[in-house]
Q: 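Pasting a structure below so you can have a look.
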Amino acid sequence: MDTFNVSYITFDGHVEVQKYRYLYFVVMFVAFILIIFCNSTIVWIIVVHKSLHEPMYIFIAALLINSVFFSTAVYPKLLIDFLSEKQIISYSACLFQWYIYYSLGGSEFLLLAVMAYDRYVSISKPLQYPNIMTKTSVSVFLVLAWLLPLCHNAVVPVLNVKKKLCNFTLKGIISNSTVSKLQCVRSTLLNIYGLILFVVFLPLPVLFILSTYTRIFQIANRSCREVQRKAAQTCSAHLLVLISFSCLSAYDVLQTRLEADFPKTAHLIMTLQVIVYHFLCNPIIYGLKMKEISKHLRRSFCKVY
């Protein structure tokens, strides 16, 4: 089975991870535990308290569960690599990691789009909200947000698995969009399909979200202070998460598509932000910005201590 080296930290062409690999392992292990703990805590808060069994909080829980799935798919292999003399992965395993990485990334944007729609209905049509955002519609939105990326992204690894490889060194710490550079001949059809996936699961949801929030703030400005407060409180957290993940995801995809030769250190830092910063900040943002979640969180910790 084909395998290839995965360069972790490279400055002058040498893999320097071996020198401090135990330190890197500890740092990433702590980050992994914190991601699982913080995201799971907010999900637990939402599940336990019936007052939070509303569409907005259900979508937040789904977003945080998505973060747990993502971390579970990436971190175990990453931690094993830090303790290994040689960082290798089979080509099929790399494609599988690619598939999970981008499928859950697509789900992230679709969930954020659904959350934006939920806030729009809540603020623009408060009387019709219970009839529009029913349990059935919420379930359908959740299933589609996870199922669509999984189905659409499955095409790429299936078509790539038999591709002949001429390069066996992957520049990065996980199997991301740079995997296409390993092939002897890059498929034009797959490149076009990949670009379509990029547009469908990144720019289109982002444009929908931004236009939705623009409409929300327009409605809020013409309404009473209570509506303005509600809009600012619920939308600011969503926008922070959106901006963070959009910038990181756009970099991850476009740096390969545009054949940009980024410094290895810069590429490493950006990749670490995707797998650490975003999924660690999500529960913190929602835990601090969402009043009801923050209230229950404080009460839970007071009971413990």
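Fair warning: this is a prediction, and the values are worked out from it, not measured in the lab.
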Q: Kindly indicate whether the side chain of Y129, heavy atoms from C-beta on, has any atom under 4.5 Å from the side chain of P55.
A: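 In contact.
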Q: Report the residues that fulfil side-chain hydrogen bond (donor to acceptor under 3.5 Å, both in side chains) with W98, sequence neighbours left out, ordered by chain and then residue number.
A: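 Once residues adjacent in sequence are excluded, W98 has no partner under the side-chain hydrogen bond (donor to acceptor under 3.5 Å, both in side chains) criterion.
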Q: Is T41 close to L297 at the side-chain level, that is, under 4.5 Å between some pair of heavy atoms?
A: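 With C-beta onward as the side chain, the pair touches.
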Q: How about CZ on F217, more than 12 heavy atoms from neighbouring residues, nucleotides or ligands closer than 6.0 Å, or not?
A: yes
Q: Decide side-chain contact (heavy atoms from CB on, under 4.5 Å) for L112 and F59; before the verdict, give the C-alpha distance in whole Å, the side-chain angles of both, and the deciding distance to 0.1 Å.
A: CA-CA 8 Å; L112 287 170; F59 292 137; over 6 Å; no
Q: Verify the cluster assignment for Y193 and V199: are they in a single hydrophobic cluster under the rule of side-chain heavy atoms below 4.5 Å apart?
A: yes
Q: Applying ring pair (Phe, Tyr, Trp, His ring centres under 6.0 Å), name anything that partners Y99, two or more places apart in sequence or on another chain.
A: none
Q: Just jot down the salt bridge (charged side-chain N to carboxylate O under 4.0 Å, His left out) partners of K295, sequence neighbours excluded, or say none.
A: E292
Q: State the SG-CG distance between C38 and L64, to the nearest 0.5 angstrom.
A: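 Answer rounded to 0.5 Å: 10.0 Å.
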Q: Quick check on the hydrophobic clustering: are I284 and F37 connected, directly or via other members, by side-chain heavy-atom contacts under 4.5 Å?
A: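 No.
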Q: Are side-chain heavy atoms of I35 and V68 found at a separation under 4.5 Å?
A: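 Not touching, per the 4.5 Å side-chain cut-off.
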Q: Working to the nearest 0.5 angstrom, can you tell me the gap between L147 CG and H152 NE2?
A: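 Separation between the atoms: 9.5 Å.
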Q: How long is the span from the NZ atom in K77 to the SG atom in C94, to the nearest 0.5 Å?
A: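 Answer for the NZ-SG pair, K77 versus C94, is 9.0 Å.
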Q: Output all residues satisfying ring pair (Phe, Tyr, Trp, His ring centres under 6.0 Å) with Y213, sequence neighbours left out; order by chain, then residue number.
A: none
Q: Under a 4.5 Å side-chain heavy-atom rule over Ile, Leu, Val, Met, Phe, Trp and Tyr, are I80 and V74 clustered together?
A: no
Q: From the options D118, V114, L110, select the one residue that forms a side chain to side chain contact (heavy atoms under 4.5 Å, CB included) with F141.
A: V114
Q: With side chains defined as the heavy atoms from C-beta onward, is the minimum distance between V27 and L23 less than 4.5 Å?
A: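 When only atoms from C-beta onward are counted, L23 and V27 do touch, with a gap below 4.5 Å.
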Q: Could you tell me if R298 and S294 have a donor-acceptor pair between their side chains, going purely by distance under 3.5 Å?
A: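 Short answer, yes.
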Q: Show me the pairs that pass side chain to side chain donor-acceptor pair (under 3.5 Å) and involve residues 53-72, at least two apart or across chains.
A: N66-E108, N66-W146
Q: I'd like to check the side-chain hydrogen bond (donor to acceptor under 3.5 Å, both in side chains) partners of Q128; sequence neighbours left out, ordered by chain and number.
A: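 Once residues adjacent in sequence are excluded, Q128 has no partner under the side-chain hydrogen bond (donor to acceptor under 3.5 Å, both in side chains) criterion.
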Q: Can V155 be reached from V200 by stepping across I, L, V, M, F, W or Y side chains whose heavy atoms are under 4.5 Å apart?
A: yes
Q: I need the minimum non-hydrogen distance between L95 and P157, along with the two atoms involved.
A: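 Result for this residue pair: CD1-O, 3.9 Å.
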Q: Looking at residues at least two apart in the chain, or sitting in another chain, which of them share a side chain to side chain contact (heavy atoms under 4.5 Å, CB included) with I123?
A: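 Applying side chain to side chain contact (heavy atoms under 4.5 Å, CB included) to I123 gives I216, I219, V227, A231.
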Q: Any chance you could measure Y286, atom OH, to I42, atom CD1, to the nearest 0.5 Å?
A: 11.0 Å
Q: Once rounded to the nearest 0.5 Å, what's the spacing between atom CG of L104 and atom CD1 of I65?
A: 12.0 Å
Q: Give me the other members of the hydrophobic cluster that L207 sits in, counting Ile, Leu, Val, Met, Phe, Trp and Tyr linked by side-chain heavy atoms under 4.5 Å, directly or via other members.
A: none
Q: What heavy-atom pair brings P205 and L202 nearest, and what distance separates the two atoms?
A: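 Closest approach of P205 to L202, heavy atoms only: CD-O, 3.2 Å.
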Q: Taking side chain as C-beta onward, heavy atoms only, is Y102 less than 4.5 Å from V156?
A: no
Q: Flag the pair F198 / P203 as yes when at least one side-chain heavy-atom distance between them is below 4.5 Å, and no otherwise.
A: yes
Q: Among all residues two or more places apart in sequence or in another chain, which pass the ring pair (Phe, Tyr, Trp, His ring centres under 6.0 Å) test with F32?
A: Y75
Q: Atom CG of L52 and atom CD1 of I45: how far apart are they, to the nearest 0.5 Å?
A: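 Taking CG in L52 and CD1 in I45, the distance rounds to 8.0 Å.
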Q: Determine whether a donor-acceptor pair (N or O, by modelled atom type, separation under 3.5 Å) exists between the side chain of N39 and the backbone of F279.
A: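 Looks like yes, one N/O pair under 3.5 Å.
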Q: Can you sort out the partners of V30 under side chain to side chain contact (heavy atoms under 4.5 Å, CB included), two or more places apart, ordered by chain and number?
A: V26, L34
Q: Could you tell me whether the side chain of T212 reaches within less than 4.5 Å of the side chain of Y117, counting heavy atoms only?
A: no
Q: For residues S103 and P149, report the shortest heavy-atom separation together with the two atoms involved.
A: O-CB, 3.2 Å
Q: May I ask you to test the I60-L111 pair for a side-chain heavy-atom distance under 4.5 Å?
A: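 SC-SC contact between I60 and L111 ruled out.
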Q: Suppose we screen for side-chain hydrogen bond (donor to acceptor under 3.5 Å, both in side chains). Which residues come up paired with T136, at least two apart in sequence or across chains?
A: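 Result, side-chain hydrogen bond (donor to acceptor under 3.5 Å, both in side chains) vs T136: none returned.
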Q: Between S211 (side chain) and F208 (backbone), is there a donor-acceptor pair under 3.5 Å?
A: yes
Q: Linking I/L/V/M/F/W/Y whenever any side-chain heavy atoms sit under 4.5 Å apart, do L204 and I243 land together?
A: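 Hydrophobic grouping puts L204 apart from I243.
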Q: Does S137 have any side-chain hydrogen bond (donor to acceptor under 3.5 Å, both in side chains) partners at least two apart in sequence or in another chain, and if so, which?
A: T134
Q: Heavy atoms only: give me the nearest I209-F109 pair and the separation to one decimal.
A: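 Nearest heavy atoms, I209 then F109: CD1-O, 4.1 Å.
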Q: Decide if atom CZ of F25 counts as having more than 12 heavy atoms of other residues, nucleotides or ligands within a radius under 6.0 Å.
A: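 Atom CZ in F25 is packed in, count exceeds 12.
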